[in-house]
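Notes follow the structure.
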Amino acid sequence: MQVIAEIAPLREQVQQWRREGQRIAFVPTMGHLHDGHLTLVRRARENADVVVVSIFVNPMQFDKADDLAAYPRTLDEDIAKLNTEGVEVVFTPTADIMYPNGMDNHAFVDVPGLSGVLEGASRPGHFKGVATVVSKLFNMVQPDVACFGEKDFQQLAVIKKMVDDLCLPIEIIPVATVREMDGLAMSSRNTRLTVDERQRAPVLAKTLRWISSQMRGGRSDYSELVLDGNDQLRAAGLEPDEIFIRDANTLQPISEHTSKAVILAAAFLSQVRLIDNLTVDLTPQVTDDSEE
């Protein structure tokens with residue numbers, strides 16, 4: 001396995017693979033890898049001959065300096081895990097390599113319609129930072145396929161639209177959220193939870209499941225459902241940040257044309273912000289009541 005920090009040697013390796021007719025898969029990460037990340041790597045391996053994983057904590061997507069500073073960085077451990085998975089290249093650029101002229105003087109990619117709504121409205125510039133860094137990484141790695149987790153549902157939607165709008169020849173492969181045994185979505189931020197907070201954290205997923213069951217049971221008073229969900233989070237000691245119930249395909253409010261909804265939620269445990277989501281099929285189930 002090669003660990004490459006500079007752009008030029010990465011491109012040389014990519015060109016060599018291209019000459020050999022190799023299919024390239026890419027998994028962008030910010031490091032502090034867990035089984036969720038490794039699941040993405042394994043899915044990438046199933047869809048390509050060689051796998052590139054990037055590790056870069058992207059400052060452009062953080063709206064708070066203290067959140068950026070607190071993000072866990074475990075590069076040596078991450079490289080060891082990726083070596084075990086048989087990854088061919090780990091790309092580890094620095095901020096100076098990614099943004100040599102600084103972020104304020106850098107061109108950016110913005111995805112209208114998706115970047116400024118929901119979580120994008122509460123974290124201005126976040127998805128612009130995500131789209132910009134992913135587009136740069138795509139240009140550097142030039143993958144055939146790229147794998148993204150469904151835990152970051154809105155991020156996945158932004159990336160898919162960016163690829164479509166810019167006509168990038170990259171297949172985006174969504175990978176289902178990987179969870180702990182108690183239902184908590186795996187996240188690099190989970191390691192910042194105290195023992196007590198870790199015990200309470202699964203309530204976020206439990207609340208999503210409860211809202212989903214209510215919707216499947218016929219409830220459509222979505223504003224009230226959100227309030228009820230917030231109450232459940234507060235009762236467990238979590239501080240709700242946002243709960244949205246939207247069309248899973250458009251991220252717009254539910255309409256009579258919506259066949260699949262998504263519940264998007266974020267909540268704080270002390271300084272740790274947890275996110276999760278759950279899709280809900282709203283298509284009426286057809287039953288056959290005829291007698292044989």
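From a predicted model like this one, the values you see are computed outputs, not experimental measurements.
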Test side-chain contact (heavy atoms from CB on, under 4.5 Å) on Val41 and Val87; report intermediate values, then the result. CA-CA 8 Å; Val41 172; Val87 168; 3.7 Å; yes
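- Looking only at atom types and distance, the side chain of Asp196 has no donor-acceptor partner in the side chain of Thr194 under 3.5 Å away.
- Nearest heavy atoms, Phe148 versus Gln155: CD2-NE2, 4.2 Å.
- Partners of Lys160 under the side-chain contact (heavy atoms from CB on, under 4.5 Å) rule, at least two apart in sequence or in another chain, are Leu156, Ile172.
- Residues satisfying the salt bridge (Lys or Arg N to Asp or Glu O under 4.0 Å) criterion with Glu6, sequence neighbours excluded, are absent altogether.
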As a quick check of understanding, evaluate side-chain contact (heavy atoms from CB on, under 4.5 Å) for Ile173 and Arg43, giving each step before the final call. CA-CA 9 Å; Ile173 299 178; Arg43 181 64 63 83; 4.0 Å; yes
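- Thr132 has its side chain out of reach of Gln61: every pair of non-hydrogen atoms, C-beta onward, lies at least 4.5 Å apart.
- With sequence neighbours left out, Phe138 forms a ring-ring contact (aromatic ring centres under 6.0 Å, His included) with no residue at all.
- Put simply, Val52 and Val145 are part of two different groups of oily side chains (I, L, V, M, F, W, Y) that touch within less than 4.5 Å, one to the next.
- Proximity of Thr191 to His32: side-chain heavy atoms (C-beta onward) are separated by under 4.5 Å at one or more points.
- With sequence neighbours left out, the side chain to side chain donor-acceptor pair (under 3.5 Å) criterion links Arg246 to no other residue.
- Note that the SG atom of Cys147 and the NE2 atom of His37 stand 12.5 Å from one another [nearest 0.5 Å].
- One finds no salt bridge joining Lys206 and Asp182 here, because no Lys/Arg side-chain nitrogen approaches an Asp/Glu carboxylate oxygen to under 4.0 Å.
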Candidate pair Lys128 and Asp63, rule salt bridge (Lys or Arg N to Asp or Glu O under 4.0 Å), full reasoning: CA-CA 11 Å; Lys128 179 179 76 173; Asp63 54 343; over 6 Å; no
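- The backbone N or O of Gly237 lies less than 3.5 Å from a partner atom in the side chain of Arg200, making a donor-acceptor pair.
- At a threshold of 4.5 Å between non-hydrogen side-chain atoms, the residues Val53 and Thr29 count as touching.
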From CA spacing to verdict: salt bridge (Lys or Arg N to Asp or Glu O under 4.0 Å), Arg219, Asp221: CA-CA 6 Å; Arg219 281 190 66 176; Asp221 53 336; 2.8 Å; yes
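- In this structure, the side chain of Asn83 does not engage the main chain of Ile79 through any donor-acceptor pair within 3.5 Å.
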Show me the donor-acceptor pairs, under 3.5 Å and distance only, between side chains in residues 247-254 and residues at least two apart or in other chains.
{"from": "Asp247", "atom 1": "OD1", "to": "Asn249", "atom 2": "N", "distance (Å)": "2.8"}
{"from": "Asp247", "atom 1": "OD1", "to": "Thr250", "atom 2": "N", "distance (Å)": "3.2"}
{"from": "Asp247", "atom 1": "OD2", "to": "Thr258", "atom 2": "OG1", "distance (Å)": "2.8"}
{"from": "Thr250", "atom 1": "OG1", "to": "Gln252", "atom 2": "N", "distance (Å)": "3.1"}

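- Taking every heavy atom of both residues into account, Ser259 and Asp281 meet most closely at O-OD1, 3.2 Å.
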Output, in order, the C-alpha distance, side-chain angles, deciding distance and verdict of side chain to side chain donor-acceptor pair (under 3.5 Å) for Gln16 and Glu12. CA-CA 6 Å; Gln16 179 179 332; Glu12 289 175 5; over 6 Å; no
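- Checking side-chain atoms of Lys136 against main-chain N and O of Met98 turns up a donor-acceptor pair under 3.5 Å.
- For the side chain to side chain donor-acceptor pair (under 3.5 Å) condition, the pairs that include at least one residue of residues 268-277, sequence neighbours left out, are Glu119-Arg273, Arg179-Asp276, Asp241-Arg273, Glu242-Arg273.
- Note on Val117 and Met162: same hydrophobic cluster, where clusters join Ile, Leu, Val, Met, Phe, Trp and Tyr whose side-chain heavy atoms are under 4.5 Å apart, directly or indirectly.
- For the side-chain contact (heavy atoms from CB on, under 4.5 Å) test, residues two or more places apart in sequence or in another chain that qualify with Asp165 are Lys161.
- When the side chains of ILVMFWY residues are joined at heavy-atom separations under 4.5 Å, either directly or via intervening members, Leu184 and Ile275 end up in two distinct hydrophobic clusters.
- Residue pairs meeting the side chain to side chain donor-acceptor pair (under 3.5 Å) criterion with at least one partner in residues 90-105, sequence neighbours excluded, are Asn58-Tyr99.
- Between Arg18 and Asp144, some side-chain heavy-atom pair lies under the 4.5 Å cut-off.
- The closest side-chain heavy-atom distance from Ser220 to Met215 is not below 4.5 Å.
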Walk me through whether Phe127 and Asp110 qualify under side-chain contact (heavy atoms from CB on, under 4.5 Å). CA-CA 7 Å; Phe127 288 115; Asp110 198 9; over 6 Å; no
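- Not counting sequence neighbours, the partners of Ala265 by the side-chain contact (heavy atoms from CB on, under 4.5 Å) test are Leu204, Leu208, Ile243.
- The shortest heavy-atom contact between Asp78 and Leu33 is OD1-N, 2.9 Å.
- Phe26 has its side chain within reach of Leu137: a pair of non-hydrogen atoms, C-beta onward, lies under 4.5 Å apart.
- Between Pro9 and Ile4, the closest heavy-atom pair is CG-CG2, 3.7 Å.
- When side chains are defined from C-beta on, Gln232 does not count as touching Val203, because their heavy atoms never get closer than 4.5 Å.
- Across all non-hydrogen atoms, the minimal contact from Val280 to Ser212 is CG2-OG, 3.6 Å.
- Taking 4.5 Å as the limit, every side-chain heavy atom of Phe153 sits out of range of all side-chain heavy atoms of Thr177.
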Yes or no on side-chain contact (heavy atoms from CB on, under 4.5 Å) for Ile24 and Val14, after CA distance, side-chain angles and deciding distance? CA-CA 8 Å; Ile24 303 169; Val14 168; 4.0 Å; yes
Do Asp67 and Arg189 pass the salt bridge (Lys or Arg N to Asp or Glu O under 4.0 Å) test, and can you show the C-alpha distance, the side-chain angles, and the key distance before you say yes or no? CA-CA 10 Å; Asp67 197 19; Arg189 299 175 188 270; 3.0 Å; yes
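- Considering only residues two or more places apart in sequence or on other chains, Glu88 meets the side chain to side chain donor-acceptor pair (under 3.5 Å) condition with Arg45.
- Through direct or relayed side-chain contacts under 4.5 Å between Ile, Leu, Val, Met, Phe, Trp and Tyr, Leu68 connects to Met30, Val57, Phe62, Tyr71.
- Residue-environment remark: CZ (Phe268) exceeds the threshold of 12 foreign heavy atoms within 6.0 Å.
- Residues forming a salt bridge (Lys or Arg N to Asp or Glu O under 4.0 Å) with Arg209 (at least two apart in sequence, or on another chain): none.
- Between Phe91 and the choices Ile55, Val3, Leu10, the side-chain contact (heavy atoms from CB on, under 4.5 Å) rule is met once, by Leu10.
- Remark: Asp49 CG to Glu20 CD distance equals 10.0 Å, nearest 0.5 Å.
- Contact between Gly31 and Ser188 at its shortest, heavy atoms only, is O-OG, 3.3 Å.
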